[in-house]
Structures are given as structure tokens and as C-alpha cells.
Amino acid sequence: VALLPAAILGFMDWQHFYGGAWLFPIQMKYGLAATLLIFLLVAIYWGKKSPKGLKTLIAYLFCLLSVTGLGYFGGELVYGTKKAPEEMSEGLAKEGARIFNQKCVFCHDPGTTDSRVGPGLKGLFQRETLHKSRWPVTEANVRKQLATPFEAMPPLGTQSKETVDALMAYLKTL
């Protein structure tokens, strides 16, 4: 009963937060979802033939493993490699980590330079240029890119100066 709504909402969530990017965890979730569907159908078929058979039990075991994998890779998408605000010192950087985890971590990985939807931000202020715009990495240019994003980056929206200051303090810790 929940299959169609879950699939539709999952697809919409993927489009909204990741812009349809074909990330490794998303590939794994699609593969595991297909595996789960196949093993569920096999389990139902074998269950009708022999309700307490070993084949049925094995099929359900593979279903359980598929669901476990789906949960793991879903968690990777949601929680990934966020730098927990609790691990940070007090002040602006801690507030900036909270803001980053709410608005930016879906596309940008703070712990690596690898790209998700957008570039990884580890060592951002040690770089020479910003990834897409090729502007020099300065606080003014990062603020400019947050205010008027380049290419596919969504706007941060109207944020207070304090919010942007906190985000900048956090980005400098990466």
C-alpha cells in the first residue's frame, strides 16, 4: 500500500535536495530497492507453494538485508559526514555549523573536496578560486556567491547579517 507514495515522495525528495544528481548512495538505494522488490515477489511466490519452507525464509532474509542497506544509504544521504555542531567551540562557528547542516550539507560535503551536487568544501579558504565561478576565494566573494549564487546553486534566501557571519565563521573552520 505504501510502495507508490514512498516511491513518489522519495523521487520528489531526490529532485528537490539533490537536483537529480546520480550520487553513489542514490544508486545503491535504487539497486537495493529493486533487489527488495524481486526478493519480496520471490518470497510471496515460494510462500504460497510452501509457507514454512527454507526457500521462503532465505528470501525473507535477503529482504531484511536489502532493507538494512536501504536504511544505511538513506542515513548516508541525510547525515553523511556532517561536522556536528556539538564538536565545535562555542560561538559563531557552532551556529554556522547548525545553519550549514540545515541548508547546505545536502549538496556540499564539508569533510572532503569531492563533489556531491556541488563541490566539497573542505579547505575552502585555502583554495585559490571558487569552484564554478573561478572568483578568488575571499570572504567578500564567498558572501557574494551566497547572496547571488552561481549556476545551479540555489539562493540562500534573505538571511540576516548574523546568519551569514555565522556561516562564514563555520566555512573558515573547514
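Shown here are the ring pair (Phe, Tyr, Trp, His ring centres under 6.0 Å) partners of Tyr30, two or more places apart in sequence or in another chain: Trp14, Trp22. With sequence neighbours excluded, the residues that form a side-chain hydrogen bond (donor to acceptor under 3.5 Å, both in side chains) with Glu139 are Arg143, Lys172.
Classified by interplanar angle (parallel below 30°, tilted 30° to 60°, perpendicular above 60°), the ring pair Phe100/Tyr170 is tilted.
Here the CG-NE2 distance, from Leu174 to His108, works out to 11.5 Å after rounding to the nearest 0.5 Å. Distance check: Trp46 CH2 to Leu41 CG gives 12.0 Å after rounding to the nearest 0.5 Å.
When every heavy atom of Phe125 is checked against every heavy atom of Thr138, the shortest pair comes out as CE2-C, 4.0 Å. Summarising the geometry of Ile99 relative to Ala166, their closest heavy-atom pair is CD1-CB, 4.1 Å, with the distance given to 0.1 Å.
Proximity of Cys63 to Leu36: side-chain heavy atoms (C-beta onward) are separated by under 4.5 Å at one or more points. Taking the side chain as every heavy atom from C-beta outward, Asp109 and Asp114 never approach each other to under 4.5 Å. Two residues are said to be in side-chain contact when any heavy atoms from C-beta on lie closer than 4.5 Å; Pro110 and Lys122 fail this criterion.
A continuous path of Ile, Leu, Val, Met, Phe, Trp and Tyr side chains, each step under 4.5 Å between heavy atoms, connects Leu130 with Val164, placing both in one hydrophobic cluster.
In this structure, Glu128 places its CD atom where only 12 or fewer heavy-atom neighbours from other residues, nucleotides or ligands lie under 6.0 Å away.
Pairs engaging residues 62-73 under the side chain to side chain donor-acceptor pair (under 3.5 Å) rule: none recorded [sequence neighbours left out].
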